[in-house]
Enquirer: 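Quick one: this structure, given as structure tokens, is what I'll be asking you about.
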Amino acid sequence: MNAWTLTIILLVMSSLFYAVAKKRSLRIAEDIGGIRYLHSAPRYYGVVAAALFAVPALSVLGLWVSVDENIIVRMVLSEFFADMQSADQAEKDWLVSQIQIYAHTGQLLATENAQVLKAAADRYQHLVDQSETLRNASILVLGAVISFVFVLFISAKIRARVIAESIIKLFLLASSLIAIFTTIGIVLSVLFEAILFFQKIPVRDFLFGLEWSPQIAIREDQVGSSGLFGSVPLFTGTLLVAGVAMSVAVPVGLLSAIYLAEYASTKVRSFAKPALEILAGVPTVVYGFFAILVVAPLLRDFGLVLGLDIARESALAAGVVMGIMIIPFVSSLTDDVITALPQSIREASLACGATKSETIKKVVLPAALPGIVGSLLLAVSRAIGETMIVLMAAGLAARLTANPLESVTTVTVQIVTLLVGDQEFDSAKTLAAFALGLTLFVATLLLNVTALYIVRKYSEQYE
Amino acid sequence: MSSVQIQQSKAVWESPQFKKRLKKRNAAELRFKYYGLGAVILGLIFVLSLFVSIAVNGFSSFWQTQAQIDIYFDPDTLNADDLAGANYGKLVKQAMYKQFPDVTKRNEKRELSRIISIGASFILQRMVINDPSLIGTTQTLWFPVDDEFDMLYKHDIGRNVESGAPSRLSINQIIWFDQMVDRGSIESRFNKTFFTAGDSREPELAGLRGALTGSFLMILVTLLISFPVGAAGACYLEEFAPRNKLTDLIEININNLAAVPSVVFGLLGLAVFINFFGLPRSVPLVGGLVLSLMTIPTIIIAGRAALRAIPPSIREGALALGASKTQTVMQEVVPLAMPGFLTGTIIGLAQALGETAPLLMIGMVAFIVDIPSGPLDPSTALPVQIFLWADSPERAFLEKTSGVILILLSLLITMNVVAVYLRRKFERRW
Amino acid sequence: MQTETNVTVEKERIVIHTDTSKFDARKSEVNQNVFIENRMTADNIDVYYSDNHAIKNVSLEIRANEVLAIIGPSGCGKSTFLRCLNRINDIIDSCRITGSIKLDGKEIYSSDFDVVELRARVGMVFQKPNPFPKSIYDNVAYGPRLHSLVSSRAETDEIVYSCLERVGLLSEVSDRIQNSGTELSGGQQQRLCIARAIAVQPDVILMDEPCSALDPIATAKIEDLIDELRSQYSIVIVTHSMQQAARVSQRTAYFNLGELIELGDTSQVFTNPNHQLTEDYITGKFG
Amino acid sequence: MVHLASILRGFLTVLAVMLVSFPIATQADERDYISIVGSSTVYPFATVVAERFGTGTQYPTPIIESTGSGGGLKLFCAGIGVKHPDITNASRRIKQSEVDHCAKNGITGIVEIKFGYDGIVIANSIESGRFSLTRRDVFLALAKDVPSPDGSETLVPNPYNTWKEVNSELPDVAIRVLGPPPTSGTRDAFAELALEGGCKTFKWIKAIKKTDKKHYKSICHGIREDGAWVEAGENDNLIVQKLNADKDSLGVFGFSFLDQNSDQVQGSLVDGVAPEFENIADGSYVISRPLYFYVKSVHIDLIPGIREYVAEFTSDRAWGDDGYLVDKGMIPMPQAERSEFKTAAMNLRTVKLASN
């Protein structure tokens with residue numbers, strides 16, 4: 001039975017139970033004098049019946065699918081290769097793939113033990129088939145029985161609506177819990193690998209080491225670099241690029257937000273604000289391309305005029321483009337903060353004889369400062385975590401420099417370059433990517449939470 | 001007294017010092033205003049230069065230079081037993097040699113035959129297999145030219161042979177090509193291939209359909225997962241959740257997740273979906289799952305705002321009629337908040353459509369020619385295709401890259417316009 | 001109705017101020033019995049918000065050392081008119097004003113009258129107390145610093161403390177003068193706003209329903225303060241409370257639907273209104 | 001608003017369908033396309049072959065990920081079955097240790113196909129002067145430790161900052177070479193052919209080889225880490241772009257990239273020979289290396305099309321003297337070698353490394 005057939009059967013069965021339960025509740029209602037005497041509307045009985053069928057069936061299906069292969073393999077191995085119990089994992093895996101490949105294609109990979117292998121493969125296939133049949137039967141039966149029992153016991157007193165509502169509520173709760181699970185997932189998925197990494201490389205060396213050169217020898221006979229995992233150059237590189245970005249985005253973003261909120265006519269505002277916000281919707285890979293296509297050559301030519309040597313892949317080019325990307329974050333968050341300030345404060349200042357700019361500088365900005373700081377922190381967090389622009393435009397040289405004209409590398413770039421291509425999961429090189437990921441996550445988490453705290457505290461002040 | 005006081009007061013305001021200060025203050029005011037205006041204009045210049053540079057570079061990718069040649073379907077070359085494996089390139093070469101009978105040297109012949117894209121032989125192969133009766137006939141056909149010549153025709157790139165700068169094109173090739181142009185057998189035509197083909201190593205044969213389909217499948221998966229979950233999460237948090245530590249934790253998590261670097265989500269996808277659950281690499285399903293996790297916080301935040309905008313009177317009205325809390329929410333509140341949910345979803349999906357970094361982590365960067373037919377076929381996505389082509393050495397890929405960007409941007413803009421339209425259409429002031 | 005409104009356009013009357021008891025010592029050095037002249041005159045003012053004709057051909061004058069109350073039902077344009085007097089309405093894009101308003105004979109809407117100077121000379125107190133989110137001290141010092149009326153810390157201190165004293169706030173906040181102004185109670189905040197306004201030493205103070213957000217005790221304090229301030233400033237107060245108008249003002253203007261219906265001495269307006277509409281409003285027939 | 005509610009209902013239905021069908025669908029352990037990993041140097045050749053193969057046959061086009069020779073072999077050797085790649089490309093020969101690693105995971109039948117040559121060029125921007133280097137210059141400029149400049153037989157950390165310091169005939173520009181990381185076959189080959197070639201010219205170092213081979217290797221293959229050698233990732237195209245921008249830098253990459261970008265970069269002469277097609281094919285340009293791909297023979301019946309893919313790769317129209325791979329910059333093997341490897345491929349001859 002393929003996936004679609006099973007799906008359709010499950011759906012049909014659910015609707016069937018819905019219909020049956022609904023009908024039965026209507027019958028009962030008739031007997032006792034009308035629907036009004038039922039605790040809940042008939043369709044709630046239907047919903048509960050359908051849910052009682054589908055939920056157990058799906059849970060069992062999920063559980064089954066995730067464990068059955070393992071169990072079958074273990075059964076086959078213990079049956080035919082009892083002597084292999086103590087063999088190492090690689091050998092077992094090899095045996096299993098031999099069995100599976102024979103079962104699927106009828107191809108024998110090795111000549112030794114051919115008979116046993118064939119028998120094992122037959123057994124394997126048999127078990128797989130059996131398991132599938134058993135699985136399908138059991139989920140259908142299980143769901144059907146539970147649902148059927150419910151249908152049997154439908155009475156005017158059963159509070160179907162309450163049950164249905166708690167099922168819905170449970171689903172809603174589960175959906176909101178996704179956020180927590182995602183965070184846990186992120187932490188777990190980087191934590192284990194990071195711990196493995198820190199067993200090889202001391203945390204101190206990682207956090208405070210001044211040299212980054214993770215290309216340790218990947219084979220014994222290959223002489224590579226010595227494998228230094230000092231992440232300081234990465235963080236300085238990240239901060240350098242983010243710094244350049246912020247020095248573009250903060251003045252432009254802040255000033256344009258102020259202009260649009262305080263000076264611009266409605267007409268200008270209604271055109272310029274969405275036009276600037278387009279920048280937030282442009283994918284970062286496009287910015288990366290823009291950086292190498294337009295900005296880097298432009299900066300380079302400009303540098304030549306000034307007698308500066310700007311590397312094609314410079315922190316400057318990446319930073320400037322990233323700054324352009326961040327402008328709308330700064331400006332729209334600032335705009336929100338500024339426009340949320342009560343108009344009365346502005347009027348008070350103007351009525352004292354302040355000019356508009358004095359009002360802005362002396363009253364509006366100081367009052368909005370916490371909110372603006374919060375939004376700038378969010379923008380910094382965005383800059384630190386940005387990947388594609390730096391990947392395409394900043395380069396790979398892990399250099400400890402504060403000169404934005406040179407090429408630097410960032411945490412995100414290293415994560416990508418360490419992981420893309422080589423998926424082997426035990427060398428310190430790939431593990432380093434997870435350690436970097438963990439650091440990045442923690443750093444942005446701190447920034448975000450601080451920013452959110454500030455913003456929330458601030459917005460409470462004016463509510 | 002009053003007149004004296006008036007005099008005094010006037011004296012302050014009309015003193016030259018005050019007037020001078022006033023002038024200064026007004027100048028500062030004007031300056032500040034112009035700084036702001038300058039910032040806005042600078043921002044708009046950024047927007048404009050981004051779009052213009054991409055459009056200028058990318059527009060020509062929608063056209064492809066094609067050459068007209070007469071192909072003789074030589075029965076000697078086309079063995080009826082093995083039509084698929086025949087040497088179709090030879091037909092094209094022969095046709096070209098016929099056009100330039102003077103070319104006899106082996107080396108020159110090779111150069112000559114390179115004018116036409118190797119895609120020509122694929123086209124012939126398809127034609128012959130579909131209609132074997134063509135064998136023995138002569139047909140006048142249009143074929144794409146090689147990307148170098150495409151660049152030559154469109155942008156005059158590579159012509160500077162005489163100036164001594166090296167080029168990949170030989171003088172002979174340029175002369176022959178110019179002769180073909182003079183004969184009228186070279187034309188710039190709409191580049192259908194760009195929209196119907198998958199990736200290719202030959203720029204003139206490369207298309208974005210594979211990436212487009214990949215993106216579509218991925219966004220479909222994202223939509224199907226993130227919309228219900230996001231909407232449900234928003235409902236719970238806004239309508240049902242008690243104010244306690246757990247809710248606070250969820251809120252902090254959601255707000256934080258919306259700002260977590262996307263590359264970290266890539267790490268999550270790699271560790272959880274590929275390594276733990278054993279899903280295959282490079283497939284849209286995994287991409288969609290990762291993007292869902294990124295989109296859900298956006299939808300929840302937008303959904304909560306939509307729910308918050310619905311006045312309590314609606315809920316009170318329903319509750320007063322005896323509806324349960326769940327009924328009220330499901331039947332009265334959610335339908336009213338639906339435009340907000342949809343807007344949030346579309347904006348979230350638009351973000352997801354442009355994401356690249358997490359896809360790099362889960363292996364969606366391979367060379368894939370075939371168009372994926374389902375969420376479990378390996379594929380790339382539009383942004384990844386941009387990344388791949390941006391790194392390609394062939395100059396013709398530069399305009400292809402800009403071309404894909406144009407398509408991607410127009411998709412994103414369409415989605416955002418739809419979102420804005422929905423918001424305007426269904427927006428209600430309570 | 002137009003004809004009635006013209007009643008107010010009288011010749012500038014010379015009124016001799018007789019009540020000198022409230023003049024403080026410094027002021028009484030000056031000749032006590034002098035002409036009281038018009039500080040501000042508004043002639044044929046019309047205000048439009050987009051298509052909405054909010055003020056219709058209003059003319060009135062504001063005299064030195066008087067409290068002029070503007071009363072009328074909600075939406076009659078009293079606040080709008082008040083906000084024209086220091087051009088604070090300028091910040092509303094759709095607002096358009098025609099007519100002439102003069103401060104000491106100088107047209108305030110003309111281009112050579114700087115709006116900054118105007119607002120410094122015509123202070124304003126708003127309906128809702130709106131102290132800056134700064135310290136009490138900085139709130140009061142804001143105006144003087146802005147206009148460089150003070151050049152040293154000592155001068156600033158002097159102004160701040162005397163203004164706080166004037167509004168009766170000094171004793172209440174002396175120990176927390178560096179605390180935020182937003183921490184004060186509503187009545188205190190409003191008095192702080194008045195202190196902030198008088199710190200600039202304006203000629204005219206506009207008050208837009210200054211007590212509407214306050215409890216009766218705080219209101220009483222503000223009313224006393226207004227009466228006291230009259231000695232030094234011209235005050236225009238918009239209020240929806242007729243009792244308040246009767247208590248604090250010398251003259252009262254009654255607005256209805258953007259028109260000035262009646263203007264006269266407060267006692268006359270409240271006891272013997274010239275116009276039927278005014279009488280109806282005062283006797284509570286509508287409003 | 002009703003239609004919006006029905007949209008929601010529709011979504012929920014489809015979601016339910018997906019929830020059920022996905023876990024079952026992902027169970028299907030099937031793959032009908034060839035999965036290829038490996039060297040970034042071979043990537044441009046392999047992708048072209050794959051594309052032609054996909055267009056010319058009924059089989060799906062193979063999926064190719066560029067992972068570097070080392071990373072590719074590691075993936076290749078990880079196991080048998082649809083989850084593991086079928087073919088890996090390499091720009092150097094497989095090592096015994098890798099064969100052993102493969103065997104440990106049950107991969108014994110590895111078919112080796114050598115398909116052409118690639119020169120490794122040391123190139124710079126066309127706008128700068130052309131370098132003429134010896135292997136000894138290269139070694140002295142790039143090795144981590146070099147013989148002391150005072151002539152004694154001791155090693156000192158590389159003291160050279162400019163090319164002129166290395167060899168007075170070279171220009172006075174800072175040593176800055178962009179090259180591939182150790183995962184890449186290009187790096188292996190460069191170390192083996194260029195560095196070791198220069199290294200051997202010091203007799204006393206060569207003598208170490210006999211006594212302590214490991215030490216000898218670490219001297220001759222160790223590349224400096226003080227910034228003069230910049231690991232520029234595995235994407236050789238990126239190096240070309242960087243050279244174009246940074247006129248003083250040199251880059252190390254495959255000949256095909258030089259060929260593709262001959263309007264932007266130029267190859268330096270090595271030992272007096274220019275990196276040109278003929279010179280590499282006849283071996284007079286010394287830094288050239290063979291290109292390989294390895295096929296997991298047990299997968300041949302598992303995944304359809306592998307045999308045909310190999311046939312396409314080893315066909316004359318691909319790797320022949322006039323083949324399309326030559327157009328992409330590969331240097332073809334002599335006819336004899338071609339027919340040898342074609343036979344080997346068709347007979348699935350398993351790789352046997354001479355013990356070294």
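Proteins get letters first, then strands, A, B, ... in listed order; numbering begins at 1 in each. Side-chain atoms are counted along with the backbone in the values below, which use heavy atoms only and exclude waters and symmetry mates.
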Enquirer: Just verifying a value: how many Å separate Ile301(B) CD1 and Ile296(B) CD1, rounded to the nearest 0.5 Å?
Expert: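 Separation between the atoms: 12.0 Å.
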
Enquirer: Non-hydrogen atoms of chain A under 4.5 Å away: do they reach the side chain of Leu257(B), the backbone, both or neither?
Expert: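 Contact with chain A: side chain only.
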
Enquirer: Heavy-atom cut-off 4.5 Å, strictly under: side chain, backbone, both or neither for Leu445(A) against chain B?
Expert: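 For Leu445(A), the contact with chain B is made by backbone and side chain together.
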
Enquirer: For Leu436(A), which atoms come within 4.5 Å of any heavy atom of chain B: side chain, backbone, both, or neither?
Expert: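 For Leu436(A), neither part sits under 4.5 Å from chain B.
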
Enquirer: Highest number of heavy-atom pairs under 4.5 Å with chain A: which of Glu251(B), Lys325(B), Gln351(B), Gln327(B)?
Expert: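 With the most close heavy-atom pairs to chain A, the winner is Gln327(B).
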
Enquirer: Side chain, backbone, both or neither: which part of Ile168(A) has a heavy atom under 4.5 Å from chain B?
Expert: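 Side chain of Ile168(A) only, per the 4.5 Å heavy-atom cut-off to chain B.
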
Enquirer: Decide yes or no for Phe290(A) and Ser53(B): does some side-chain heavy atom of the first lie under 4.5 Å from some side-chain heavy atom of the second?
Expert: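 Heavy-atom side-chain distance check passes, below 4.5 Å.
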
Enquirer: By a 4.5 Å heavy-atom criterion (distance strictly below it), what part of Leu412(B) contacts chain A: side chain, backbone, both, or neither?
Expert: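 For Leu412(B), the contact with chain A is made by the side chain alone.
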
Enquirer: Is there a donor-acceptor contact under 3.5 Å from the side chain of Tyr287(A) to the main chain of Leu50(B)?
Expert: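 Judged by distance alone, no pair lies under 3.5 Å.
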
Enquirer: Quickly, which of Glu29(B), Arg25(B), Arg31(B) forms a side-chain hydrogen bond (donor to acceptor under 3.5 Å, both in side chains) with Ser357(A)? Name it, please.
Expert: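 The option that passes is Glu29(B).
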
Enquirer: Does any heavy atom of chain A fall under 4.5 Å from the side chain of Pro297(B), the backbone, both, or neither of them?
Expert: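 Contact with chain A involves no heavy atom of Pro297(B) at all.
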
Enquirer: Ignoring hydrogens, what is the shortest heavy-atom contact between Ala379(A) and Val330(A)? Give both atom names and the distance.
Expert: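 Between these two residues, the closest heavy atoms are CB-CG2, 3.9 Å.
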
Enquirer: For Tyr453(A), which atoms come within 4.5 Å of any heavy atom of chain B: side chain, backbone, both, or neither?
Expert: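 No part of Tyr453(A) comes within 4.5 Å of chain B.
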
Enquirer: Just so I understand: if I count every heavy-atom pair under 4.5 Å between each of Lys273(A), Lys361(A), Glu386(A) and chain B, which residue has the most?
Expert: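 Most pairs with chain B among the choices: Lys361(A).
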
Enquirer: Between Val294(A) and chain B, with a heavy-atom cut-off of 4.5 Å, which part of the residue counts as in contact: side chain, backbone, both or neither?
Expert: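 Side chain of Val294(A) only, per the 4.5 Å heavy-atom cut-off to chain B.
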
Enquirer: Does a sphere of radius 6.0 Å around CZ in Arg308(B) hold more than 12 heavy atoms from other residues, nucleotides or ligands, not counting ones at 6.0 Å or beyond?
Expert: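 Above 12, so yes.
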
Enquirer: Using a 4.5 angstrom heavy-atom cutoff, name the option from Gly269(B), Ala366(B), Ser49(B) with the most pairs to chain A.
Expert: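 Among the listed options, the one with the most contacts to chain A is Ser49(B).
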
Enquirer: Working to the nearest 0.5 angstrom, can you tell me the gap between Ser265(A) OG and Phe271(A) CZ?
Expert: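 Answer for the OG-CZ pair, Ser265(A) versus Phe271(A), is 11.5 Å.
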
Enquirer: Taking every non-hydrogen pair under 4.5 Å, which of Thr247(B), Asn416(B), Ile250(B), Val264(B) racks up the most with chain A?
Expert: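 The candidate making the most pairs under 4.5 Å is Ile250(B).
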
Enquirer: Could you tell me which portion of Ile178(A) (side chain, backbone, both or neither) has an atom closer than 4.5 angstrom to a non-hydrogen atom of chain B?
Expert: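 Side chain only.
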
Enquirer: Of all of Val162(A), Thr444(A), Thr355(A), which one pairs up most often with chain B through heavy atoms under 4.5 Å apart?
Expert: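 Of the candidates given, the most pairs with chain B belong to Thr355(A).
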
Enquirer: I need the residue from Leu293(B), Ile254(B), Leu409(B), Thr401(B) with the largest number of non-hydrogen atom pairs under 4.5 Å to chain A.
Expert: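 When all of Leu293(B), Ile254(B), Leu409(B), Thr401(B) are compared, Thr401(B) has the most.
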
Enquirer: Would Phe341(B) and Leu307(B) count as a side chain to side chain contact (heavy atoms under 4.5 Å, CB included) here? Give the steps.
Expert: CA-CA 9 Å; Phe341(B) 286 176; Leu307(B) 288 170; 4.1 Å; yes

Enquirer: Does any part of the side chain of Phe289(A), heavy atoms only, come nearer than 4.5 Å to the side chain of Ser402(B), both counted from C-beta?
Expert: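 Ser402(B) vs Phe289(A): side chains touch.
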
Enquirer: Examine whether an atom of Ala41(A) lies under 4.5 Å from a heavy atom of chain B, and if so say whether it belongs to the side chain, the backbone or both; otherwise answer neither.
Expert: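 Ala41(A) has no heavy atom closer than 4.5 Å to chain B.
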
Enquirer: With respect to chain A, which residue among Ala241(B), Gly43(B), Ser262(B), Ser324(B) yields the maximal number of heavy-atom pairs within a distance under 4.5 Å?
Expert: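 The candidate making the most pairs under 4.5 Å is Ser324(B).
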
Enquirer: Under 4.5 Å from any heavy atom of chain A, what part of Ala259(B) do you find: side chain, backbone, both or neither?
Expert: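 Looking at Ala259(B), backbone and side chain both touch chain A.
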
Enquirer: Give, as side chain, backbone, both or neither, the part of Ile347(B) having an atom under 4.5 angstrom from any heavy atom of chain A.
Expert: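 For Ile347(B), neither part sits under 4.5 Å from chain A.
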
Enquirer: Under 4.5 Å, counting heavy-atom pairs only, tell me which of Leu42(B), Val260(B), Val272(B) racks up the most with chain A.
Expert: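 Heavy-atom pair counts peak at Val260(B).
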
Enquirer: Check each atom of Leu173(A) against the heavy atoms of chain B and say whether the ones under 4.5 Å are side chain, backbone, both or neither.
Expert: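 For Leu173(A), the contact with chain B is made by backbone and side chain together.
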
Enquirer: Please indicate whether Tyr35(B) has more than 12 foreign heavy atoms, meaning atoms of other residues, nucleotides or ligands, lying under 6.0 Å from its OH.
Expert: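 Incorrect, the count does not exceed 12.
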
Enquirer: Between Val416(A), Val286(A), Val413(A), Val285(A), which is the residue that forms a side-chain contact (heavy atoms from CB on, under 4.5 Å) with Met388(A)?
Expert: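 Exactly one pass, corresponding to Val285(A).
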
Enquirer: Please classify the contact of Phe329(A) with chain B as side chain, backbone, both or neither, using a heavy-atom distance under 4.5 Å.
Expert: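 For Phe329(A), neither part sits under 4.5 Å from chain B.
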
Enquirer: Please give me the minimum heavy-atom distance between Ser256(A) and Leu276(A), naming the atom from each residue.
Expert: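 That closest heavy-atom pairing would be OG-CD1, 4.0 Å.
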
Enquirer: Has the side chain of Ser215(B) got a donor or acceptor atom that lies under 3.5 Å from a matching backbone atom of Leu382(B)?
Expert: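 Yes, the answer is positive, given that a donor and an acceptor are paired below the 3.5 Å cut-off.
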
Enquirer: Do you know which of Thr284(A), Val449(A), Val295(A), Val282(A) has the most heavy-atom pairs with chain B at a distance under 4.5 angstrom?
Expert: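 Between Thr284(A), Val449(A), Val295(A), Val282(A), the count favours Val282(A).
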
Enquirer: Report yes if the side chains of Phe387(B) and Leu391(A) come closer than 4.5 Å at any heavy-atom pair, otherwise no.
Expert: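 In short, these two side chains touch, coming nearer than 4.5 Å.
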
